[in-house]
Amino acid sequence: MLTLNYLRENRELAIKRLKVKNFDGEEIINRILELDNSRRDTQQKADSLQADINSISKEIGKLIGQGKKDEAEAARLETGKIKNEIKRLNIDLSDIEKLLNKLLVTVPNIPNELVPAGKGEEDNFKYREGGKIPELKGEPLPHWELAKKYDIIDFELGNKLTGAGFPVYKGKGAKLQRALINFFLDEAEAAGFTEVLPPLVVNEDSGFGTGQLPDKEGMMYHVQADNFYLIPTAEVPVTNIYRDVILDAENLPVKNMAYTPCFRREAGSWGAHVRGLNRLHQFDKVEIVVISHPDKSYEALDMMLDHVEKLVRKLELPYRIMRLCGGDISFTSALTYDFEVFSAAQKRWLEVSSVSNFESFQSNRLKCRFREKGEKQNMLVHTLNGSALALPRILAAILENNQGTDGINIPEVLVKYTGFNTI
RNA sequence: GGAGAAAUGGCAGAGUGGUCGAAUGCGGCGGUCUUGAAAACCGUUGUACGUUUACGCGUACCGGGGGUUCGAAUCCCUCUUUCUCCGCCA
């Protein structure tokens, strides 16, 4: 959510920049600023009447103390009309604020200047690339067939236990999952991130804090009896740690990481492209989250990119880093880089990580602020997060790219975690 | 799940209807003293919104929400959480 101050001071610029996200903000921003004016106007009136009441009340207290009952009674009668007026103004104020907030949350984050204009993924900008696409001999198998052939992932069994999108990893497949998780965690730790192991279900407030609620509730599994939500990403609990928190500037940046399963309903997005591991309802991911000083957030973003790049390199996967265009970048993000790895049998690039700077868009909603030493005013922090990494598509690429006549070779960095080097 | 008690500023802890945004202590910050430090002493010490060029001023906030009252930390309703005892339990 953008701050009212920003919109007030940068109306024209905001409207212009939002066009990059293909968002026509003119009408709505004008309406927001109108509402903001009447909000302030109404509050001022209500506050000043309340001040009157407060001073009369104090007066009454004094009069009673002096035993002047009649004068106190006279003053008391005065207040009735003012109170009604205050009541009315406060109802107005709360209506205005509700509407204002409702509109404000529909305005996307302002994209960074680096975000290219564009409609969809075809307009993304290739920022960096690396690795080598392997040349596989004969007829390479897609990972879902490899999974069956070596009996390491059982999709049908998942159907039986739960439903589509909930695979069962078996034997070396299960071990490989665990190896990847530990590898990612160890690497993140070495890069200075602190591990947290958060709850996998969160309450409504947390859903609001990171913006999944109220609009995107369809993406999350909802536990109705307790009004809890299964987390779609560790970003939700880990970022909400800092909801309503004021940090000391000297403690920035805060660098956290977490391994969690992620649960996504993915309603209506199933089709030919989502076979096997390509899209799941439950998957594992290591997430990195950075809370940064506003002046340093783009440095943090680069640091995160470097970290994720190191991971895909160590896994020896061909990759490219895409800077998302205005049409592809998320509502909340100011700048996003997607990591894609090439899956050699499907002959497709698979998105395995998304690293974003949200600037103060999330922290404004979270009310996560910091105080500079010696400063009185608290300022909003910048928040960033990224996958480092999501497992299923990485696994898909590893299986497909490393298949050979004598089985599937495990990338060397993982062997100390798996205890085996081929499947 | 049952019974009882509680929730106050960074922490501890007073305050049960009227100058209470809140005593006091600790902590933090600034200062005096000191070669420096400690001790002592003095001052200061939350958040949000509004208003003001500024100093400042106004309003709200004593777990959350609602109510009574001219006036609520204090009374009422409701929810949540914590503690103690009992029950159950990996």
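Lettering follows sequence order; numbering is per chain, from 1. Note that these values count all heavy atoms, side chains included, but never hydrogens, waters or copies made by symmetry.
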Exercise. Does OP1 or OP2 of B:rC49 have a side-chain N or O of A:R40 closer than 4.0 Å?
Worked result: no
Problem set entry | Integer angstrom distance from the P of B:rA48 to that of B:rU82 | 28 Å
Seminar exercise, completed: Whole-Å distance, A:E85 CD to B:rC70 C1', equals 17 Å
Exercise. A:D248 CG to B:rG27 C1': how many Å, rounded?
Worked result: 14 Å
Problem set entry | Inter-nucleotide C1' distance (B:rU81, B:rU8), Å rounded | 15 Å
Exercise. With distance as the sole criterion, is a donor-acceptor pair present between the side chains of A:N101 and A:E97 under 3.5 Å?
Worked result: no
Seminar exercise, completed: For RNA chain B, the expected dot-bracket line (Watson-Crick or G-U under 3.5 Å, [ ] crossing, | inter-strand) is ((((((((.[[[..)..(.....]]]((((((.......))))))((((((....)))))).[[[[[..)....]]]]])))))))....
Exercise. Looking at the rings of A:H293 and A:F370, which for Trp means the six-membered one, are their centres under 6.0 Å apart?
Worked result: yes
Exercise. Does A:N378 put a side-chain nitrogen or oxygen below 4.0 Å from OP1 or OP2 of B:rA48?
Worked result: yes
For this session: Heavy atoms under 4.0 Å is the rule here; annotate nucleotides 55-65 of chain B 5' to 3' with B where the base is hit, S where only the sugar-phosphate is, and - elsewhere.
Result: ---BSS-----
For this session: Please find out if less than 6.0 Å separates the ring center of A:Y259 from that of A:F184.
Result: no
Problem set entry | Name of the residue among A:I241, A:L380, A:L247 meeting side chain to side chain contact (heavy atoms under 4.5 Å, CB included) with A:C368 | A:L247
For this session: Quickly work out the A:E97 CD to B:rC49 C1' distance and round it to whole Å.
Result: 8 Å
Problem set entry | Value in whole Å for how far the P atom of B:rC70 lies from CG of A:L49 | 17 Å
Problem set entry | Derivation and outcome, side-chain hydrogen bond (donor to acceptor under 3.5 Å, both in side chains), residues A:H222 and A:N227 | CA-CA 7 Å; A:H222 185 203; A:N227 201 22; 2.7 Å; yes
For this session: Could you work out the separation of B:rU32 and B:rU24 based on their P atoms and round it to a whole Å?
Result: 25 Å
Exercise. Is there a side-chain polar atom (N or O) of A:K83 under 4.0 Å from OP1 or OP2 of B:rG71?
Worked result: yes
What are the atom names and distances for every N/O pair under 3.5 Å that joins the protein to nucleotides 17-22 of chain B?
{"residue": "B:rG18", "atom": "N2", "partner": "A:S57", "partner atom": "O", "Å": "2.9"}

Problem set entry | Euclidean distance, atom CG of residue A:N251 to atom P of B:rG10 [Å, nearest integer] | 16 Å
Exercise. Just how far is it from atom CG of A:N357 to atom CG of A:N385, taken to the nearest 0.5 Å?
Worked result: 9.5 Å
Exercise. Expressed in whole Å, how much space separates the C1' atoms belonging to B:rC49 and B:rC85?
Worked result: 46 Å
Problem set entry | Heavy atoms of other groups near A:D70 CG, more than 12 under 6.0 Å | no
Exercise. Does A:K175 count as lying over the ring of A:F420, i.e. NZ or CZ under 6.0 Å from the six-ring centre, within 45 degrees of the axis?
Worked result: no
For this session: Could you give the distance separating B:rG21 and B:rA73 at their C1' atoms, to the nearest angstrom?
Result: 10 Å
Problem set entry | C1' atoms of B:rG13 and B:rG71, separation to the nearest Å | 27 Å
Exercise. Between A:R76 and B:rU69, is there a side-chain N or O to OP1/OP2 distance below 4.0 Å?
Worked result: no
Problem set entry | Whole-Å gap separating P (B:rC49) and CG (A:N37) | 16 Å
Seminar exercise, completed: Interatomic distance, CG@A:L301 vs NZ@A:K296, rounded to 0.5 Å, equals 15.5 Å
For this session: Determine the interplanar angle of the A:Y221 and A:F166 rings, folded into 0 to 90°, and report it as parallel if under 30°, tilted if 30 to 60°, perpendicular if over 60°.
Result: tilted
Seminar exercise, completed: 5'-most contact on RNA chain B (nearest-nucleotide basis), A:I53 vs A:N5, goes to A:N5
For this session: Would you kindly give the CG-to-C1' distance between A:L89 and B:rG50, to the nearest whole Å?
Result: 14 Å
Exercise. Rounding to a whole Å, what distance do you find between A:L4:CG and B:rG50:C1'?
Worked result: 13 Å
Exercise. So which one's nearest nucleotide on RNA chain B is more toward 5', A:I246 or A:Q44?
Worked result: A:I246
Problem set entry | P spacing across the pair B:rU78 / B:rG9, given as an integer number of angstrom | 25 Å
Problem set entry | Separation of the P atoms in B:rC83 and B:rA12, to the nearest angstrom | 14 Å
Exercise. More than 12 heavy atoms of other residues, nucleotides or ligands under 6.0 Å from CD of A:E27: is that the case?
Worked result: no
Seminar exercise, completed: Per salt bridge (Lys or Arg N to Asp or Glu O under 4.0 Å), A:R128 is matched among A:D338, A:D302, A:D306 by A:D306
Exercise. Parallel, tilted or perpendicular for A:F331 and A:F361, by the 30°/60° rule?
Worked result: perpendicular
